[in-house]
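Following: one structure in structure tokens, then a few remarks.
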Amino acid sequence: MAISSRATGSGSKTEITLSPGGGFLLEGTGSATVLTPEMLTDEQRMMQRTAEDFLKREVDPRVPEIEAKKPGLMRAILQKAGEVGLLGHDVPEIYGGLGGDKTSSSLITEAVSRLGSFAVSYGAHVGIGTMPIVLFGSPEQRQKYLPKLATGELIAAYALTEPGSGSDALAAKTSAVLSADGKTWKLNGSKQYITNAGFADVFTVFAKVDGEKFTGFLIERGAKGLVVGPEEHKLGIRGSSTCPLILEDCEIPVDGVLGQIGQGHKIAFNILNIGRWKLGVGAVGAAKYCLELGVGYSRDRKQFGKPICEFDLIRKKLGDIATNIFVTESMAYRTAGLLDARSHGIDPAAPDAQKQQIDAIEEHSIEASIIKVFGSEMLHATADETLQIFGGAGYIEDYPIERVSRDARINRIFEGTNEINRLLVPGTLLKRAMQGRLPLMALVSQVHMELVDPTKINRKIPEGPLGAERQKCDFAKRAVSYAASLGVQKYMQGITDKQELLGVLADCLIQLFAMDSAISRTMQIIAAKGEGAAAIPTAMTQLFVAKAHGMVFDGLREMLMWMSQDEEWGREIRDINTYYELTRVNTFSLRRKIAKHAIEAGGYAL
Ligand SMILES: Cc1cc2nc3c(=O)[nH]c(=O)nc-3n(C[C@H](O)[C@H](O)[C@H](O)COP(=O)(O)OP(=O)(O)OC[C@H]3O[C@@H](n4cnc5c(N)ncnc54)[C@H](O)[C@@H]3O)c2cc1C
């Protein structure tokens, strides 16, 4: 199933395993070579430094003005970002961009995420704003807009959500009708919560042609009948622009259609997949900032005669935060590596280059949703616990954690709410299994055979590093596959309506991808640098797997208690428990060790 491919498009010699989307469930834990932050090239690191320097120079000193939405400021900063090449990274070279790889793009996203308002404005421009034109634009549309979007001369926005259709995006009411002479489209309807709308020049807007065919359109600011409504007043990311759009007989030329008529869903969903994975990457950057703030404050603040970082309950928070960052980072860069490996070799001049790119992104939609959910919830918890470290000061505006914790909240809502993404994870995986794209049934059959005589299951802890963790993750994969097969057997197609069941499966799959990614990364660090140098990643992986493994089995038991009849229940729980391994893991001392490392380093330092 796994084939080798070059890791990145930017000259890295590392070979990674090109697993299919969702393939982590079926692979032996740690058997795939994955992209990790330790494998980044000098060129990629240089891009990261460019973004970090830009933030320090142009954004950090102006946070109060940005948050107060000083007129013209966000647009001016975005234009400056364009001057140093930060806007054109994902734009093909032939259209004035850098045609860069997704790994470098992740590094930029991480760096800009120290300030939520800037991160969201930047992300809306380079991601959901520009990428529809990169991936679906005609040569003329790409030539017209992309060079200017890459420099920041033009700013982009993406308008999908309507007052009556958010999660249910395809229920949009905005309509588009072609004029009798075939020269212009007339759009009517409204959009809401559109990022960058206050100053954007180009909007990707979705409307139904003749009230039926969901279609993307490019609309320029100033188009007749396009009105941008007033700025919303928000809980967080206050420096970003969020406005409604009103389309009242809005007239655009006939060539304003983006992609094919009736194929707007392909644009909407593929663009969201990119946004989801990027959101997870951004959560890593913001969480690293939280840890830096939390460590700094806890070292300075004294109570009971000593710095609060010396109290074990504060260390517990720091240890958990650092571990969760490590795990999210492992998942996010693993996925960036897969996207790059798939994109490597696509000739940008090929007639089907756009389709090949879209297919590569679609392949990893499961991972994108997983990273979105895990990253946004990790950041939410991280910001909240960091605020707690600050005590009362955390609640006061003078301290940045007050803003960061407000800014973090949005991530669970946009790019598809976490509920919608949770439904997508098992839904897509089961659909692919049924289509034969993923050989899930082979694993399920193997599990059923093992359960006939569980004494034959090899319980010997595998040799080598993280043997117990690899075994736990492998066994958890079997238990999850088995439970999923029971759900499918019982409900068949009707499983799509069983949201709590799908929610448990989603959480299990998320934890499996997280465990698998942390284990794979740590094994690679050990192989490259030795066990001594990998002491902290090893401790983080052991700590994380101990907790995640427990969560998986608790979730599955809960699911079976709801799903199974009395006579089946005992047997099925016994079957699940066959794969439950309780080993002694001293999580208290692991956390202390990780926290000590973060405190001494002043933040996240791997
Ligand atoms: C600051 C901000 C910026 C934004 N930027 C943009 C932008 O640039 N472009 C754009 O198009 N949109 C944007 N949005 C909109 C955003 O994507 C939507 O708010 C989001 O998709 C949720 O839609 P909704 O608000 O209508 O909530 P709803 O869809 O009404 O959902 C309400 C609740 O019900 C849950 N729910 C809905 N359906 C289901 C279901 N089938 N099963 C279980 N639970 C369900 C949701 O998870 C949620 O908890 C932005 C929103 C905000 C707040």
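Both ligands and their constituent atoms are indexed starting at 1 by order of listing. One is the number of the first residue; the rest follow in order along the sequence.
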Pick out which of Thr328, Asn421, Asn411, Asn418 makes a side chain to side chain donor-acceptor pair (under 3.5 Å) with Ser376. Asn418
Relative to each other, are the rings of Phe390 and Tyr399 parallel, tilted or perpendicular (30° and 60° limits)? perpendicular
Residues in the immediate environment of ligand 1 (any heavy atom closer than 4.0 angstrom): Ile128, Tyr158, Ala159, Leu160, Thr161, Gly166, Ser167, Tyr193, Ile194, Thr195, Lys234, Ile237, Ile410, Ile413, Phe414, Thr417, Glu419, Ile420, Leu423, Gln499
Heavy-atom closest pair, residues Val134 and Arg142: O-NH2, 2.8 Å
Given the ring of Phe214, does Lys208 sit roughly above its face, with NZ or CZ under 6.0 Å from the centre of the six-membered ring and within 45° of the axis? no
Which atom pairs, donor and acceptor, lie under 3.5 Å between side-chain atoms of residues 242-261 and protein residues at least two apart or in another chain?
residue : atom : partner : partner atom : Å
Thr242  : OG1  : Lys234  : NZ           : 2.8
Asp249  : OD1  : Asn188  : ND2          : 2.9

Using every non-hydrogen atom in the two residues, find where Ala197 and Arg221 come nearest and quote the distance to one decimal. O-NH1, 3.0 Å
